[in-house]
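Comments concern the structure below.
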Amino acid sequence: MPLTAKYSEKYNDALIALAAATQRPTNVVNLDGIYAIRVDLEYSRYVVATNSPRGLSDEPDANGSWLVCIYRSDLAGVSDELLVESTAAWLIDAFDSALARLESGGNKIEADADFGDISRCEGSTPLAVDEPGSGALSGAGDHAPVSAASLNDAPLH
């Protein structure tokens, strides 16, 4: 346990990045003497990330690749099941690849982190520039085009 604080400080950027990607708290954990970053997901699933075969290295910026594994905890006390693993030079790339493999392997649960393209959200209407250089924007629907000049003339409420 004494090294968890050391690794938490060294890997603060990685902890923040993975917390932002998963929208969940991240922690450095000791797994039988190997330190790793862990994120708990829904449905007894969790992510473990390391940047060396021996866990987190003493040099966070050392060249190498990240290994991200997604496990399912066994509530009956049997060993946890490895669902998928992925490696990449960057932590978030390895995480994204692991999520893609989880889905393609048929192990995805809808409540798991689902990071689709936000531009494809239902109910949103993308804005398009009407004329290059005009500053006018329009969206699909019943609304008239909006220009920067008309916004300047609009009353403030």
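All residue numbers refer to positions in the sequence shown, counting from 1. We use all heavy atoms of the structure for the numbers below, so side chains are in, but hydrogens, waters and symmetry mates are not. Bear in mind that the values here come from a model prediction, so they are computed numbers and not experimental data.
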Practice item. Can you measure from CG (Asp96) to CH2 (Trp90) and round to the nearest 0.5 angstrom? Key: 14.0 Å
Exercise for review: Calculate, to the nearest 0.5 Å, the distance between atoms CD1 and CG belonging to Ile92 and Leu99 respectively.
Suggested key: 10.0 Å
**Study point:** Atom pair OG1/CZ of Thr50 and Arg38 - distance to nearest 0.5 Å
**Key:** 14.0 Å
Review point. Taking atom types as modelled and ignoring hydrogens, do the side chains of Ser57 and Tyr11 form a donor-acceptor contact shorter than 3.5 angstrom?
Key: yes
**Study point:** ILVMFWY network linking Ile70 to Tyr46, side-chain heavy atoms under 4.5 angstrom
**Key:** no
**Study point:** Residues Asn12, Glu9; criterion side-chain contact (heavy atoms from CB on, under 4.5 Å); working and verdict
**Key:** CA-CA 5 Å; Asn12 189 48; Glu9 185 176 317; over 6 Å; no
Exercise for review: Tell me, please, which residues at least two apart from Asp93 pass salt bridge (charged side-chain N to carboxylate O under 4.0 Å, His left out).
Suggested key: none
Practice item. Tell me whether Val29 is reachable from Ile37 by hopping between hydrophobic residues (I, L, V, M, F, W, Y) whose side-chain heavy atoms are closer than 4.5 Å. Key: no
Check your understanding: Do Val84 and Leu41 share a hydrophobic cluster, counting only Ile, Leu, Val, Met, Phe, Trp and Tyr and linking them when any side-chain heavy atoms are less than 4.5 Å apart?
Key -> yes
Exercise for review: Return the minimal non-hydrogen interatomic distance between Pro60 and Asn51, and the atom names on each side.
Suggested key: O-ND2, 4.0 Å
**Study point:** Distance, nearest 0.5 Å, that separates CZ of Arg45 from CD of Glu81
**Key:** 8.5 Å
Review point. Of the non-hydrogen atoms in Ala36 and Leu31, which two are nearest, and what is the gap between them?
Key: CB-CD1, 4.1 Å
Point to revise | Closest heavy-atom pair and its distance - Val68, Ala98 | key: CG1-CB, 4.0 Å
**Study point:** Qualifying residue for side chain to side chain contact (heavy atoms under 4.5 Å, CB included) with Tyr71, from Leu83, Val48, Val47
**Key:** Val48
Point to revise | Any donor-acceptor N/O pair, Gln23 side chain to Ala20 backbone, under 3.5 Å | key: yes
Point to revise | Donor-acceptor pair, side chain of Lys10 and main chain of Asp58, under 3.5 angstrom | key: yes
Practice item. Nearest 0.5 Å please: distance from the CG atom of Asp40 over to the CG atom of Asn27. Key: 7.5 Å
Point to revise | Linked, directly or transitively: Tyr35 and Leu67 (ILVMFWY side chains, under 4.5 Å) | key: no
Check your understanding: Leu3 and Asn30: side-chain contact (heavy atoms from CB on, under 4.5 Å), yes or no, with the steps?
Key -> CA-CA 8 Å; Leu3 294 178; Asn30 181 350; over 6 Å; no
Check your understanding: Is it the case that Ser97 and Ser86 place a side-chain donor and acceptor less than 3.5 Å from each other?
Key -> yes
Practice item. Please check if Val39 and Leu15 belong to a single hydrophobic cluster, counting links between Ile, Leu, Val, Met, Phe, Trp and Tyr side chain heavy atoms closer than 4.5 Å. Key: yes
Practice item. Could you grab the distance from atom CZ of Phe95 to atom SG of Cys69, nearest 0.5 Å is fine? Key: 12.5 Å
Practice item. Could you tell me which residues satisfy salt bridge (charged side-chain N to carboxylate O under 4.0 Å, His left out) with Asp80, sequence neighbours excluded, listed by chain and number? Key: none
